[in-house]
Amino acid sequence: MTISAEMARLVAIECLAPTAALLAGRGFPTLAGGNFFDSRRISVGELSIERFTPAVSLYTRKAESPRRGQGQGSVERFARTALEIVAELAIGASDESGDFTDALAEDDVTARLTLAALCGQIVQTLTASPAGALFRKAVIAIDGIDFEPHAIPQLNLRWQRTTMLFDCQIPGDDFTVGGQLPEPSAALASLLPAGSYAAGILADLGSRFAASPTYPAIQTIAFEVKRNGVSGEMGTTAAVAPPFPDIED
């Protein structure tokens with residue numbers, strides 16, 4: 001995983017369950033209200049007394065960093081992540097092991113429309129709504145969104161749960177500045193509301209980065225075209241200048 005991939009998930013949580021709305025108890029952009037959970041499902045104690053509780057869990061399913069092309073070196077890379085957002089109508093259940101939460105397993109048109117509305121609100125928030133502006137700063141582009149229903153049709157089993165996979169291009173991690181989060185995550189973290197869930201996690205993570213020495217960058221390089229199988233010297237212009245003495249291959 002990369003910090004940028006984790007950042008996309010944390011920022012998405014802030015956009016879908018804004019800190020200001022959590023403090024006020026209203027003004028949420030989706031039917032799930034504040035029931036958004038980071039890398040876990042809703043617990044029994046968090047269920048409402050209604051027939052079902054709209055709840056959403058966010059996970060980072062994967063991250064990758066392939067080269068930009070066959071002609072590129074190892075440094076030039078495209079970063080991607082698959083943000084997994086599981087929306088469900090949660091209910092309480094129990095078995096011999098105790099109580100747990102599950103998704104509603106009834107064929108109910110009203111429930112199905114409620115779940116569809118919740119998924120639509122999540123997509124709208126992250127892709128177009130002003131409430132999702134910070135998420136769109138965390139990703140370069142959303143190339144696709146897949147909707148996977150939770151069902152085993154062969155056994156006639158269907159749950160009111162939908163998994164959404166956001167295929168996102170993201171920036172790579174830049175660790176050139178020592179002693180803090182890599183960019184652009186450090187800049188994004190500064191835009192998060194004080195006291196927010198994401199800001200707290202990132203502040204703790206940032207404190208774990210030890211300061212590292214910085215190295216001067218090469219400003220310019222002088223070189224000579226290779227001719228007849230004979231190479232020339234190369235280095236900074238302050239250290240070497242043409243004509244270069246021949247160096248046999």
Side-chain angles (χ1 to χ4, degrees), residues 1-25 27-30 32-41 55-66 75-86 121-143 145 164-215 217:
M1 294 297 180
T2 64
I3 300 296
S4 290
E6 303 298 308
M7 191 72 189
R9 186 188 76 254
L10 292 172
V11 169
I13 292 172
E14 173 59 32
C15 293
L16 294 167
T19 300
L22 289 171
L23 294 174
F28 295 100
T30 77
N35 294 321
F36 284 83
F37 304 95
D38 184 13
S39 305
R40 71 175 180 90
R41 293 187 60 195
V56 182
S57 300
L58 291 89
Y59 306 87
T60 301
R61 177 177 288 196
K62 71 173 183 177
E64 59 183 2
S65 182
V75 176
E76 301 300 326
R77 314 188 73 81
F78 287 122
R80 307 189 69 86
T81 187
L83 176 62
E84 178 179 331
I85 302 180
V86 182
Q121 288 174 327
I122 291 171
V123 172
Q124 173 73 15
T125 299
L126 296 182
T127 62
S129 169
L134 191 57
F135 177 75
R136 295 191 292 276
K137 289 181 180 292
V139 302
I140 296 172
I142 302 172
D143 286 342
I145 305 172
M164 292 173 282
L165 283 178
F166 285 69
D167 180 19
C168 302
Q169 296 182 41
I170 56 174
D173 295 332
D174 184 356
F175 286 91
T176 55
V177 179
Q180 67 176 44
L181 288 169
E183 293 295 350
S185 295
L188 284 167
S190 67
L191 300 177
L192 289 165
S196 65
Y197 168 76
I201 287 183
L202 292 168
D204 178 68
L205 177 62
S207 67
R208 300 172 187 267
F209 287 94
S212 59
T214 57
Y215 301 96

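A quick note: this is a predicted structure, and the numbers were derived from the prediction, not measured. Keep in mind that the numbers below use all heavy atoms, side chains included, and drop hydrogens, waters and symmetry copies.
- No side-chain heavy atom of Leu188 sits less than 4.5 Å from a side-chain heavy atom of Leu202.
- Considering every non-hydrogen atom in both Ile142 and Leu126, the closest pair reads CD1-O, 4.3 Å.
- The CD1 atom of Ile122 sits 7.5 Å away from atom CG of Leu58, with the distance rounded to the nearest 0.5 Å.
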Check residues 7-25 and write down every donor-acceptor pair under 3.5 Å in which the side-chain atom is one partner and the other belongs to a residue at least two apart or another chain.
| unit_1 | atom_1 | unit_2 | atom_2 | d |
| --- | --- | --- | --- | --- |
| Arg9 | NE | Asp38 | OD1 | 2.6 |
| Arg9 | NH1 | Glu6 | OE1 | 2.5 |
| Arg9 | NH1 | Thr60 | OG1 | 2.9 |
| Arg9 | NH2 | Glu6 | OE1 | 3.3 |
| Arg9 | NH2 | Asp38 | OD1 | 3.4 |
| Glu14 | OE1 | Thr19 | OG1 | 2.8 |
| Glu14 | OE2 | Thr19 | N | 3.0 |
| Glu14 | OE2 | Thr19 | OG1 | 3.4 |

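- Counting only distance, with no hydrogens or angles, the side chain of Asp143 and the backbone of Asp167 share no donor-acceptor pair below 3.5 Å.
- Within the model, atoms CG of Leu191 and NZ of Lys137 stand 6.5 Å from one another, a figure rounded to the nearest 0.5 Å.
- Side-chain contact between Asn35 and Phe28 is absent, with no heavy-atom pair separated by less than 4.5 Å.
- Atoms CG and CG, on Leu134 and Leu192 in that order, are 5.5 Å from each other to the nearest 0.5 Å.
- A donor-acceptor pair is defined here as one N or O able to donate and one able to accept, closer than 3.5 Å; no such pair exists between the side chain of Thr81 and the backbone of Ala63.
- For Arg41, the salt bridge (Lys or Arg N to Asp or Glu O under 4.0 Å) test picks out Glu88, with sequence neighbours left out.
- Counting only residues at least two apart or in different chains, salt bridge (Lys or Arg N to Asp or Glu O under 4.0 Å) contacts with residues 194-206 comprise Asp204-Arg208.
- The line from CZ of Phe78 to CD1 of Ile140 is 8.5 Å long, rounded to the nearest 0.5 Å.
- Here the side chains of Leu83 and Val139 are not in contact, with every heavy-atom distance at 4.5 Å or above.
- Once rounded to the nearest 0.5 Å, the distance linking OG1 of Thr125 with CZ of Arg136 reads 9.0 Å.
- The structure places NZ of Lys62 at 12.0 Å from CD of Glu84, a figure rounded to the nearest 0.5 Å.
- Minimum interatomic distance between Ala187 and Glu183 (heavy atoms only, all atoms of both residues): N-OE1, 3.2 Å.
- Minimum interatomic distance between Pro171 and Ala138 (heavy atoms only, all atoms of both residues): CD-O, 3.5 Å.
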